[in-house]
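Worksheet for the structure shown next.
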Amino acid sequence: MKDLFSELVAYVSALGLTFGSPAYAPAPPQEPQARPAAALARLGEDGRRPLSYLEAQRTIPVEPGAALRFPRGFMWGVAVSGTQVEGNDHHSSWAAWERMGRTREPKGLATASWERYEEDLALAARTGATAFRMSVEWSRVEPRPGEFDHAALARYASVVATARRLGIEPVVTLYHFAYPAWLEGGWENVAAPAAFARYVETVAAAFRGKVRYWITINEPNLEPGLGYLVGVFPPGRMSPLAFARATESILRAHVAAYDELHRADPGALVSTNVFRMVRRQGQETVTWLPAMEPGEVMMDRLAAWVDAPGARPRRTLDYVAFDYYYAFTLPEFFQLADYWRWPVHPPGIYDAARYYHDRYRLPVLVAENGMAEQRRQVRPDGWTREAFLVNHVYELQRAAAEGVPVLGYFYWSLMDNYEWGSYTPTFGLYRVDRDDPLLRRKPTQAADVYRRMARDNGIPGDLLDRYLYRRS
Ligand code: BGC
């Protein structure tokens with residue numbers, strides 16, 4: 001196993017070279033006085049060390065029954081993506097992938113959310129959510145090259161309007177793992193960034209003044225690996241060269257989308273959500289590869305984008321969105337294929353929030369954080385979704401209490417949905433059973449915990465007492 005790992009390290013480090021040397025220079029260490037004195041007192045000598053569980057428990061004084069609160073306006077979000085919930089989409093790379101027999105299960109109707117979005121938004125409102133992350137699907141809006149489906153755009157506009165009516169802030173992802181089937185080769189196609197920019201221009205014009213928070217491309221650091229290196233996502237390529245091309249093309253597509261969104265609305269707030277890939281050493285999270293982490297290199301490039309050789313670097317991120325699910329030890333790396341065995345490590349969300357803010361001096365947003373079971377069975381490690389939520393929100397609150405501007409927290413996912421080829425991993429605050437022909441959304445205890453936290457804009461004391469650092 002050791003050999004396999006070192007080979008993997010060498011291989012991926014070599015690939016990292018294709019990113020070029022980042023022009024980005026990290027921000028200088030923060031002046032100690034910039035942090036509240038109370039926060040400093042809670043930190044280790046170097047002012048940066050993440051606290052251990054036990055230390056953390058002592059850091060934010062919790063009176064019995066007291067609630068810790070986030071700043072006003074904090075977004076309590078739930079997240080979904082088009083391909084995973086809409087159902088009946090026929091023009092996307094994933095629809096083609098399924099037709100090729102590459103998925104374990106057919107998707108069918110997913111959660112039928114193309115039609116049932118009003119019901120879903122009402123469920124989101126019932127969890128106390130004040131924000132909803134959704135995606136607009138490129139293949140719905142542009143089913144054939146250059147041909148835009150205005151009815152599809154109108155349906156997405158109606159989702160946004162319904163959310164607003166319920167007091168829910170829409171956060172819109174423009175690309176979530178699925179490209180239109182007509183885009184041959186996906187991101188490896190040299191025409192992809194320009195094609196994406198044209199689609200974004202259309203969406204941005206249709207949504208002008210209606211959407212403030214945008215995410216351009218979901219997890220730009222995962223898709224090249226999954227689709228172009230290990231070939232488990234469309235287009236199923238397994239080539240280091242394809243991986244390098246897709247990476248580059250995704251970065252360019254982000255920048256083009258960033259510019260289009262700002263052209264349409266100078267007040268737009270735009271980011272991409274990087275997948276936070278970290279290992280764990282004791283209680284500390286460390287980069288998963290010894291020398292570097294390709295996703296962080298990508299973010300460095302976007303934070304100081306160079307349009308042409310010699311041009312002045314410019315920032316193409318207005319905030320930093322990140323997805324955090326787990327931190328693994330080396331042996332645990334080999335169990336990541338079972339989503340219900342992803343190693344839960346709540347302090348990792350604190351580390352990520354601190355890391356991105358300290359590095360880029362931008363507000364941060366947790367665009368995804370969630371826990372899966374295997375079709376609703378009890379997890380082997382005993383973690384429940386209620387405990388998972390409380391511990392992660394607590395850790396995020398610790399970062400906020402230290403002065404990290406945290407815009408919001410989005411739980412993945414509002415309800416059980418299509419997990420890229422299979423319905424086996426279940427993440428939802430609402431349960432959806434596949435054998436129920438009505439695909440009823442059933443509330444779980446976790447939805448209730450979420451609702452209580454959202455209502456209090458923090459964790460009610462009794463939930464802390466009950467769940468903090470407990471495994472069940
Ligand atoms: C993706 C989601 C996915 C979730 C859980 C993220 O990588 O953005 O689409 O469902 O993780 O696997």
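Heads up: numbering here begins at 1 and tracks the sequence. Every number for a ligand or one of its atoms is a count from 1 in the order of the listing.
Under the 4.5 Å side-chain criterion, counting only non-hydrogen atoms from C-beta, N273 is in contact with R133. Residues V278 and E293 have side chains not in contact (no heavy-atom distance under 4.5 Å, counting atoms from C-beta outward). Put simply, the side chain of W138 reaches to within 4.5 Å of the side chain of L183, judged on heavy atoms.
In this structure, Y156 has its ring center under 6.0 Å from that of W114.
Ligand 1 lies under 4.0 Å from heavy atoms of Q84, H176, F177, N218, E219, Y325, Y339, W342, E368, W412, E419, W420, F427.
Side-chain atoms of S113 and D120 include a donor-acceptor pair closer than 3.5 Å.
Legend: salt bridge (charged side-chain N to carboxylate O under 4.0 Å, His left out) pairs involving residues 180-190, not counting sequence neighbours, sorted by first then second residue: E188-R237, E188-R245.
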